[in-house]
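Here the structure comes first, spelled out in structure tokens, and everything after it is commentary.
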Amino acid sequence: LFLRRSARSLSPRDATPAAAAFSNPSRHTPFLTAATCAYSAAAAAAPPPEDDEGLEGSDSDGDHYAGPTSVFSWGKGEHGQLGHVGFETVGLQNEYVEERPRELSILASLGVSDLSCGNEHSAAVTRNGEVLTWGRGTKHRLGHGSEDGEQGPRLVEALAGEDVVSVECGDAFTACLTEDGKVFTWGHGGSMMDGAGALGHGDNADCVYPKELKFFTGANVVQIAAGKGHMLALDDRGQVYSWGKGDYGRLGNGGSRSQD
């Protein structure tokens with residue numbers, strides 16, 4: 001699905017939905033609240049309240065929330081994707097499930113502004129423009145330089161100095177967008193068995209650390225979205241770009257051809 005916005009000048013913060021803090025992958029769910037106010041998925045379609053008791057507050061620039069936030073997660077979590085450090089698995093299949101929302105207290109003081117989930121990993125952006133990832137680490141999807149998993153949120157140090165405004169998790173890769181319109185991707189780049197990856201660097205190589213998409217040099221990307229094995233980007237001129245797996249016509253290029 002894609003929503004065309006009016007052709008006004010956009011920044012990445014403008015293009016991020018006001019309440020885009022609910023992500024629903026296949027088996028686990030993260031959820032973000034602002035201040036003391038919780039909301040449902042349906043509320044994401046509504047405009048933010050103007051007073052200081054609603055979902056969104058504003059900083060001195062009026063463009064993003066700078067107050068306290070709470071993050072909750074629940075569902076299937078044996079790879080650490082829920083972010084609750086010290087969990088124990090049970091049963092023959094070594095499963096761990098949280099049946100009710102549980103707060104990630106480790107994120108409470110960071111002012112989380114965006115969340116996303118892949119199948120077995122999760123990511124968050126803080127109000128300071130930092131990215132944290134956790135969960136399964138295989139295929140380098142966490143961006144920490146190894147394939148080790150993380151039970152709790154860990155800072156992606158390779159993005160130090162970048163002002164990140166949004167993050168997207170695919171099946172085994174992660175992408176983020178900066179305030180100045182740059183796109184970084186990392187993780188699984190595809191293979192002979194899997195087909196094209198969604199990293200967008202022109203090959204099927206995995207990226208151990210976040211790597212900028214040079215294709216967008218000089219452009220101003222304002223929004224990104226990730227599917228299981230493909231991605232979309234929107235620039236400030238209203239142009240849409242797609243890459244990754246092309247089967248079932250998901251890239252919109254008139255066929256089923258994949259695009260590295």
Side-chain angles (χ1 to χ4, degrees), residues 1-24 44-45 47-48 61-64 113-118 123 125 129 131 141 143 156 159 161-190 195-205 207 209-260:
L1 296 176
F2 179 76
L3 171 66
R4 180 180 292 276
R5 298 188 58 164
S6 59
R8 64 184 180 88
S9 178
L10 296 174
S11 74
R13 293 197 194 277
D14 291 331
T16 302
F22 180 89
S23 181
N24 188 14
D61 295 326
D63 62 2
H64 68 288
S113 60
D114 193 31
L115 287 171
S116 184
C117 296
V125 178
V131 176
R141 70 193 77 188
V156 180
L159 289 168
E162 300 290 346
D163 184 11
V164 177
V165 296
S166 67
V167 67
E168 290 283 326
C169 293
D171 187 26
F173 70 94
T174 311
C176 70
L177 174 66
T178 68
E179 172 65 23
D180 54 357
K182 293 186 291 186
V183 180
F184 292 82
T185 61
W186 62 95
H188 187 44
L199 301 187
H201 301 300
D203 55 37
N204 286 344
C207 284
Y209 295 104
K211 181 179 179 180
E212 183 181 354
L213 268 70
K214 298 301 183 183
F215 177 85
F216 292 116
T217 300
N220 184 27
V221 176
V222 297
Q223 192 170 5
I224 59 174
K228 181 178 180 180
H230 74 296
M231 282 201 66
L232 295 172
L234 171 71
D235 69 16
D236 60 355
R237 298 174 298 168
Q239 305 249 23
V240 179
Y241 304 85
S242 62
W243 64 95
K245 289 185 178 180
D247 51 345
Y248 306 109
R250 70 185 79 189
L251 298 185
N253 58 15
S256 57
R257 179 175 56 85
S258 296
Q259 178 69 43
D260 291 331

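Computed from a predicted model, the values in this text were never measured in an experiment.
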List the atom of Gly187, the atom of Leu199, and the distance in Å for their closest heavy-atom pair. O-CD1, 3.4 Å

What distance separates Glu168 CD from Met231 CE, expressed to the nearest 0.5 Å? 6.5 Å

Can you tell me if Thr185 and His201 form a side-chain donor-acceptor pair at under 3.5 Å? yes

Quick one: NE2 on His188 to SG on Cys207, what's the gap to the nearest 0.5 Å? 11.5 Å

Separation between CH2 (Trp243) and CG (Leu232), nearest 0.5 Å, reads 7.5 Å

Would you find a donor on one side and an acceptor on the other, under 3.5 Å apart, between the side chain of Trp186 and the backbone of Arg141? yes

Is there a donor-acceptor pair closer than 3.5 Å between any side-chain N or O of Ser116 and the backbone N or O of Ala123? no

Glu212 side, atom CD; Leu159 side, atom CG - distance, nearest 0.5 Å: 10.5 Å

Which heavy atom of Phe173 sits nearest a heavy atom of Gly229, and at what distance? CE2-CA, 4.2 Å

Parallel, tilted or perpendicular: rings of Phe216 and Tyr241 (30°, 60°): perpendicular

Nearest heavy atoms of Cys176 and Val164, plus distance in Å: CB-CG1, 3.8 Å

So do Val183 and Phe215 actually touch side chain to side chain, heavy atoms under 4.5 Å? no

Flag side-chain contact, heavy atom, 4.5 Å: Val167 against Thr174: yes

Exercise: identify the closest heavy-atom pair between Ala226 and Gly170: CB-N, 4.2 Å

Between Asn220 and Gly181, which heavy-atom pair has the shortest distance, and what is it? OD1-CA, 3.5 Å

So that I can tick it off, tell me whether Asp247 and Lys245 are bridged by a salt bridge, with the cut-off set at under 4.0 angstrom between side-chain N and carboxylate O. no

Using the test salt bridge (charged side-chain N to carboxylate O under 4.0 Å, His left out), find all partners of Lys228 that sit at least two apart in sequence or belong to another chain. none

Which heavy atom of Cys117 sits nearest to which heavy atom of Cys169, and what is that distance? C-CB, 3.2 Å

Hey, could you give me the CD1/CG distance between Ile224 and Asp235, rounded to the nearest 0.5 Å? 13.5 Å

